[in-house]
Undergrad: 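Sharing a structure with you now.
Keep in mind that this is a model prediction, so the values were computed, not measured. The sequence lines fix the lettering, A, B, ..., with proteins before strands; numbering per chain opens at 1. Note: hydrogens, waters and symmetry copies are ignored here, and every other heavy atom, side chains too, is used.
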Number of protein chains: 2
Amino acid sequence: MNRQLTQRGRDRKRQLMDFAAHRFADNGYHPTSVAEIVSGMGVGKGVFYWYFSSKEELFLEILREAQHELRKVQQQAIGDEPDPVRRIELGIRASMVWLAEHRHLFHVFQFAAADERFAPALRRGQDVAVGDVVRHVKEAVVLGRVRDTDPQVLAHAILGVTNNLARTFIFERGEDAADVAEDAIAFCLHGLVDA
Amino acid sequence: MNRQLTQRGRDRKRQLMDFAAHRFADNGYHPTSVAEIVSGMGVGKGVFYWYFSSKEELFLEILREAQHELRKVQQQAIGDEPDPVRRIELGIRASMVWLAEHRHLFHVFQFAAADERFAPALRRGQDVAVGDVVRHVKEAVVLGRVRDTDPQVLAHAILGVTNNLARTFIFERGEDAADVAEDAIAFCLHGLVDA
DNA sequence: CGCAGCCTTGACCGCGCGGTCAAGAATGGT
DNA sequence: ACCATTCTTGACCGCGCGGTCAAGGCTGCG
């Protein structure tokens, strides 16, 4: 749906995406109906289909935007830090804090992972994140700061730890994002056994 | 649905659960209809509702059974191994191999995680797994084999690594489960930095 | 054989879904 | 004032969903 939108139109679209993202996060993709979204916003159904060609497209747009936001935050946090290991640390911390502040988007990621329809789009964004981490890891290996293992494996392991700790301790138990980030960093650097 | 079933009935139920689990894994929970399941098996709809009171109950039964199976496999693999760190290793390896052989059930776990309706049941099973790992970790800490950190954090981190590496390298890239297990174990024990 | 009860059939139901569209209200440029 | 364009309305559509049920086959026991 590439329409020419006025400022008013762009605002409406934002409202729709934000509201829908929260409904999706609460209910899941399939159980959230278009009727529910528009009635929740107090508008007619036509509004929805003026801005989006389908429910699926809306979800994809939310997903893409969230991935883009998250990556932006990561890159801002990393800045021009020269140490690759510290870059990884900064990335983990920034991700945790952002996820804690946008937990509904974390759930959007989860739903996307569960749906064959959205998994490819999700994977594309995740590959970008993996690529970022892989670059830092490779650099760190060259410097002898990290053991020489397949960087892809290390990158996915890091993402797995970050994801799982965020879900469990931030979302389910309401712990502080910064604290959980420290735990994640410690585990990723040293594992179970101390260095 | 607690009916008195004959052997024939029990076989039918197995068929239904196995077939449905595969359909769910391929399509997701919501997009897989009861009509699709029964027509795929070449039986009438009444058969379905003879053995299950709802589509939701079927899914829950599949989920519970899968969790139970996985735990059984883990415990068998661990046997009476005295070393807590080796117990964790054996658990990871057994889980990876089992997941590789039952990838459709891995997807069932994924869908359960995404649906508010099933998340509690999934969490209950996962808490059992976490509890197992926590016990090994605590023991290992006492022996000085593992650094003294919150065992819950370590357990969830281990599960996160296992999950994510399994999904990426076994399911998406078709790598060998045993090899991926070694990677997961190495990361969990030592992290990025070598010991 | 006859009967009890396990099992199967498939037409049917009501509902709520994603999506459409003719009609008209706002908005803003001239 | 007028018009072009953007935006909004909500009744409506066809469909396929989860679930029901009266009817009848099948099986094994006495």
Side-chain angles (χ1 to χ4, degrees), chain A residues 1-24 26-63 108 111-112 114-118, chain B residues 1-24 26-63 108 111-112 114-118:
Chain A
M1 222 59 162
N2 285 330
R3 282 184 195 284
Q4 204 61 297
L5 297 179
T6 66
Q7 184 55 43
R8 185 153 149 271
R10 264 173 272 133
D11 290 350
R12 256 283 197 255
K13 188 167 175 180
R14 260 262 68 72
Q15 284 174 35
L16 272 167
M17 285 178 68
D18 288 345
F19 186 81
H22 280 92
R23 303 302 293 142
F24 284 145
D26 287 351
N27 290 356
Y29 175 75
H30 292 286
T32 301
S33 67
V34 175
E36 185 186 334
I37 293 169
V38 293
S39 89
M41 286 197 45
V43 299
K45 224 179 197 182
V47 172
F48 185 97
Y49 288 96
W50 179 258
Y51 295 102
F52 304 98
S53 60
S54 69
K55 182 181 156 184
E56 184 173 338
E57 196 208 75
L58 162 68
F59 188 90
L60 280 171
E61 211 156 317
I62 292 169
L63 175 60
V108 165
F111 295 131
D115 200 306
E116 202 50 55
R117 238 202 226 112
F118 304 125
Chain B
M1 222 58 162
N2 286 330
R3 283 185 194 284
Q4 205 59 299
L5 298 179
T6 65
Q7 184 54 44
R8 187 154 146 271
R10 265 174 272 134
D11 290 348
R12 255 287 195 253
K13 189 167 174 179
R14 259 262 67 73
Q15 284 174 35
L16 272 167
M17 285 178 67
D18 288 345
F19 186 82
H22 280 92
R23 304 301 294 141
F24 284 146
D26 288 349
N27 290 357
Y29 175 76
H30 292 286
T32 301
S33 67
V34 175
E36 186 186 333
I37 293 169
V38 294
S39 88
M41 285 197 47
V43 299
K45 226 178 195 183
V47 172
F48 186 96
Y49 287 97
W50 178 258
Y51 294 103
F52 304 98
S53 60
S54 69
K55 181 180 156 185
E56 184 172 340
E57 196 208 76
L58 162 67
F59 188 89
L60 280 172
E61 212 156 316
I62 292 169
L63 175 61
V108 165
F111 295 132
D115 200 308
E116 202 51 55
R117 239 200 224 115
F118 304 125

Undergrad: Rounded to whole Å, how long is the line connecting atom OH of Y49(B) with atom P of dC6(C)?
TA: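 Atom-to-atom, Y49(B) to dC6(C), this comes out as 22 Å.
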Undergrad: Students often get this wrong, so: under 4.0 angstrom with heavy atoms, is R3(B) touching a base, only sugar-phosphate, or nothing?
TA: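 No contact.
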Undergrad: So, does the side chain of K45(A) form a donor-acceptor pair with the base of dG19(C) at under 3.5 Å?
TA: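 Yes.
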Undergrad: NA contact type, T32(B), heavy-atom cut-off 4.0 Å: base, sugar-phosphate, or nothing?
TA: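 Since only primed, P, OP1 and OP2 atoms lie under 4.0 Å of T32(B), the category is sugar-phosphate.
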Undergrad: Using a heavy-atom cut-off of 4.0 Å across all strands, would you classify V47(B) as base, sugar-phosphate, or nothing?
TA: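 It contacts base atoms.
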Undergrad: Between C1' on dC21(C) and CH2 on W50(A), what's the gap in Å once rounded to a whole number?
TA: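 Nearest whole value for this atom pair: 13 Å.
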Undergrad: Rounding to an integer number of Å, can you tell me how far Q4(B) CD sits from dC7(C) C1'?
TA: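 So the two atoms are 14 Å apart, to the nearest Å.
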Undergrad: S33(B) side chain N/O closer than 4.0 Å to the phosphate oxygens (OP1, OP2) of dC17(D)?
TA: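 It does, given that an N or O in the side chain of S33(B) lies less than 4.0 Å from OP1 or OP2 of dC17(D).
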Undergrad: Does G9(B) reach a base, just sugar-phosphate, or nothing at all? Heavy atoms under 4.0 Å.
TA: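 Since only primed, P, OP1 and OP2 atoms lie under 4.0 Å of G9(B), the category is sugar-phosphate.
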Undergrad: Can a donor-acceptor pair be found, under 3.5 Å and without considering hydrogens, that links the side chain of K45(A) to the backbone of S39(A)?
TA: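 No, because the side chain of K45(A) does not come within donor-acceptor range (under 3.5 Å) of the backbone of S39(A).
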Undergrad: If you look at every strand shown and take non-hydrogen atoms under 4.0 Å, does S39(A) touch a base, only sugar-phosphate, or nothing?
TA: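 Touches nothing.
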Undergrad: Looking only at side-chain N and O atoms, does T6(A) come under 4.0 Å of OP1 or OP2 in dC7(D)?
TA: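 It does, given that an N or O in the side chain of T6(A) lies less than 4.0 Å from OP1 or OP2 of dC7(D).
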Undergrad: Does the E57(A) side chain pair with the main chain of M1(A), one donor and one acceptor, at a distance under 3.5 Å?
TA: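 Pair found, side chain donor or acceptor close to backbone of M1(A).
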Undergrad: Rounding to an integer number of Å, can you tell me how far F48(A) CZ sits from dG18(C) P?
TA: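 Spelled out: CZ on F48(A) to P on dG18(C) is 9 Å.
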Undergrad: Just the rounded figure in Å: distance from P of dG18(D) to CZ of R117(B).
TA: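 Spelled out: CZ on R117(B) to P on dG18(D) is 10 Å.
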Undergrad: Here's a test of your reading of the structure: between V43(B) and S54(A), which maps to the more 5' nucleotide of DNA chain C?
TA: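 That would be V43(B).
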Undergrad: Write down the distance between CE (M41(B)) and C1' (dC7(C)), rounded to a whole number of angstrom.
TA: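 In whole Å, dC7(C) C1' and M41(B) CE are 13 Å from each other.
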Undergrad: Side chain of R8(B), heavy atoms from C-beta onward: which of dG19(D), dT6(D), dC7(C) has the nearest atom to it?
TA: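 Output: dC7(C).
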Undergrad: For W50(A), does its backbone N or O pair with a side-chain atom of R3(A) as donor and acceptor, under 3.5 Å?
TA: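 Side chain of R3(A) to backbone of W50(A), a donor-acceptor pair under 3.5 Å: yes, one is there.
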Undergrad: Rounded to whole angstrom units, what separation is found between the CD atom of Q7(B) and the P atom of dG5(C)?
TA: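 Distance check: Q7(B) CD to dG5(C) P gives 21 Å.
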Undergrad: Which part of the nucleic acid, if any, lies within contact of Y51(B), taking any heavy atom under 4.0 Å across all strands shown: a base, the sugar-phosphate backbone alone, or nothing?
TA: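 Sugar-phosphate: the residue Y51(B), judged by heavy atoms under 4.0 Å, touches backbone atoms but no base.
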Undergrad: How long is the line joining CG of N27(B) and C1' of dC17(D), in whole Å?
TA: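 Rounded to the whole Å, the gap is 15 Å.
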Undergrad: Centroid-to-centroid, F59(B) to F118(B), below 6.0 Å?
TA: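 That pair passes the under 6.0 Å test.
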Undergrad: When the ring planes of Y29(B) and F24(B) are compared, do they come out parallel, tilted or perpendicular, using 30° and 60° as the limits?
TA: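 Rings of Y29(B) and F24(B): tilted, as their planes differ by 30° to 60°.
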